[in-house]
Amino acid sequence: QVVNYAPFTLFPSVVPSALFEQAYAVQQDFNLLVDAISQNKEFLEQTLASTIKVDDFTAQLFRIHMQVLEEGLAQSVFLGINRSDYMFDCGADGTPALKQIEINTIAASFGGLTSRTVAVHGRVLKVLGKFQEASRLLPNNPSKGLALGIAKAWELYGSPSAVVMFLVEEVQRNIFDQRCVENELWNRNIRVIRKRFRDVFEKGSLDDAKRLYIDGQEVAVVYYREGYVPKNYDQQNWEARLLLERSRAVKCPDIATQLAGTKKVQQELSRPGTLERLLPGHAEAIARIRATFAGLYSLDVGEEGDRMVAAAIADPDRFVLKPQREGGGNNLYGEELRQVLEKIRDSPERTAYILMDKIKPQPTINYLLRAHNPLQASECISELGIFGVYVRQGKEMVMNKAAGHLLRTKAIEHADGGVAAGVAVLDTPYLV
Ligand code: ADP
Ligand code: MG
């Protein structure tokens, strides 16, 4: 076992306060939207139809989703924990605009560790004699906010002796982030267990009422910190996933909500009329959501897809090419984007991807502190994430909140990748 400190910036990074507030103000809207998508069978079916023909992983998730619906949902309490990520796009006149990169609906991480970064950056500023500036750093405690959502779902499940199960990776690289949330639950007298898919396969079972048991303990809430990339699954793990999804336990997220977070769904949301169809009667929320959208384009077979492929091949630096993957390091840029598109332009394979306008933020200077790396000033760009938490019981939303934020910063030479991918580091916003 090796323990390293999590990477972080030496200084907090400047964030425009208007954009920061805008990101917080739209979070409850995004919670509503994700929840609405997860309940809309037809929308998911239509939107993912082309993708699941060519992407086996999405297809497998979708099959489980359909199977669970056909059997009838045993779950009646729903818990969503997501993180909506943004960059500050620098317009031609130099004004920054808030643009969504993506929304993570499964295993959104770093809410725990980032609950500690304010203290780190406050201390650095004080060492520099900048007490006034240190006092302006905003408090931020997503681990508490996430735990309050989990605790609410646990309470509504209604079995005081049942536990919360964190579904964790085979090799646990980010355990301390998870422990921050776990500690908040123990503080509220809620028992937490940590299990892998393998444990569920070997020791998990459902009773007649589809209550989930593992090692003889009833599980009220399953909080996934695993299960979002193909390499998390072998045949046994898929069976374990199916067992969990069929159960009455509150899954965070259920498989429909995981599908709501795919890049393909994100692209379809940007089509005129889609938000209106998903959130009827929510004109103001729709306007707030839409204001954060960058240009997103389908590569489905047809005239529209042909046109976008040609545009991207002609000007690859305008775009990012994204497959249906999570976790960083999967997107294609520049020359590589052009080469891949040239190869698949006439093949249905291209429908596994979406195309997105590339966001171009104004770089700033910072030091990225990472174990075993030399210390040097770098030109950096930042990505702001807002954590969203909601709980629904039947048809009724009983909690809908923004639960804190995460700022990640990386050197501009890296086009892609988050903290877990070894590219970005933890940061704290300094609002101006
Ligand atoms: P993942 O699910 O792998 O996290 P993202 O959509 O978040 O996929 O992309 C990974 C990273 O790539 C982001 O953190 C960001 O640094 C970069 N990125 C993604 N989309 C864009 C974009 N439209 N413009 C500029 N950079 C982007
Ligand atoms: Mg991301």
Side-chain angles (χ1 to χ4, degrees), residues 7 13 23 30 34 51 55 57-58 61 81-91 96-111 114 174 224-232 253 258-267 269-270 292-297 299 308 311-312 315-334 336-337 352-363 368 378-388 405-427:
S13 290
F30 272 117
V34 170
T51 311
D55 188 301
F57 179 65
T58 312
L61 293 172
I81 292 181
N82 62 54
R83 201 188 65 223
S84 181
D85 290 336
Y86 307 89
M87 281 184 175
F88 314 118
D89 195 25
C90 193
L98 186 77
K99 291 295 160 197
Q100 188 183 49
I101 295 294
E102 64 157 348
I103 187 156
N104 303 281
T105 60
I106 179 166
S109 59
F110 294 108
T114 204
N174 203 10
Y224 289 101
R225 293 297 297 256
E226 159 86 338
Y228 51 90
V229 284
K231 73 169 180 350
N232 297 158
Q258 180 174 359
L259 288 168
T262 52
K263 309 272 189 299
K264 182 63 191 174
V265 165
Q266 180 187 8
Q267 172 260 304
L269 293 177
S270 74
T292 69
F293 284 173
L296 289 147
Y297 314 95
L299 296 183
M308 288 321 298
D315 191 2
D317 284 330
R318 232 192 84 196
F319 300 101
V320 181
L321 183 64
K322 299 189 172 190
Q324 310 303 310
R325 289 294 162 270
E326 303 295 328
N330 302 297
N331 301 336
L332 300 167
Y333 304 81
E336 208 186 345
L337 175 157
Y353 296 87
I354 63 150
L355 204 58
M356 183 174 183
D357 280 343
K358 190 164 164 187
I359 310 302
K360 297 182 171 153
Q362 180 71 48
L368 308 181
S378 307
E379 269 196 288
C380 298
I381 55 177
S382 300
E383 186 169 342
L384 174 69
I386 308 293
F387 288 95
H405 55 269
L406 167 71
L407 192 71
R408 293 172 298 167
T409 293
K410 65 178 184 182
I412 50 169
E413 51 270 25
H414 297 289
D416 206 309
V419 180
V423 170
V425 310
L426 302 174
D427 198 349

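Order of listing sets the numbers, starting from 1, for every ligand and every atom in it.
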Below the 2.8 Å mark, what number of protein N, O or S atoms do you get around the Mg ion (ligand 2)? 1
Does the side-chain contact (heavy atoms from CB on, under 4.5 Å) test come out yes or no for Ile381 and Lys410, once each step is laid out? CA-CA 6 Å; Ile381 55 177; Lys410 65 178 184 182; 4.0 Å; yes
Can you name the residues that come within less than 4.0 Å of ligand 1, going by heavy atoms only? Met87, Ile101, Glu102, Lys263, Val320, Lys322, Arg325, Glu326, Gly327, Gly328, Asn331, Tyr333, Met356, Asp357, Lys358, Ile359, Glu383, Lys410, Ala415, Asp416, Gly417
Mind telling me whether Tyr297 and Phe319 have parallel, tilted or perpendicular rings, with 30° and 60° as the class edges? perpendicular
Check: Gln258 side chain, Gly227 main-chain N or O, donor-acceptor pair, under 3.5 Å: yes
Any sub-3.5 Å donor-acceptor pair from Arg325's side-chain atoms to Val229's backbone N or O? no
Stepwise side-chain contact (heavy atoms from CB on, under 4.5 Å) check, Leu259 with Val265: CA-CA 8 Å; Leu259 288 168; Val265 165; 5.9 Å; no
Measure from the side-chain N and O atoms of Asp427 to the backbone N and O of Thr409, and report whether any donor-acceptor pair falls under 3.5 Å. no
Apply the test side-chain contact (heavy atoms from CB on, under 4.5 Å) to residues Glu383 and Leu406: give CA-CA distance (whole Å), side-chain angles for both, the deciding distance (0.1 Å), then the verdict. CA-CA 8 Å; Glu383 186 169 342; Leu406 167 71; over 6 Å; no
From the options Lys322, Lys263, Gln266, select the one residue that forms a side chain to side chain donor-acceptor pair (under 3.5 Å) with Glu102. Lys263
Do the side chains of Asp55 and Lys264 get close enough for a salt bridge, i.e. N-O under 4.0 angstrom? no
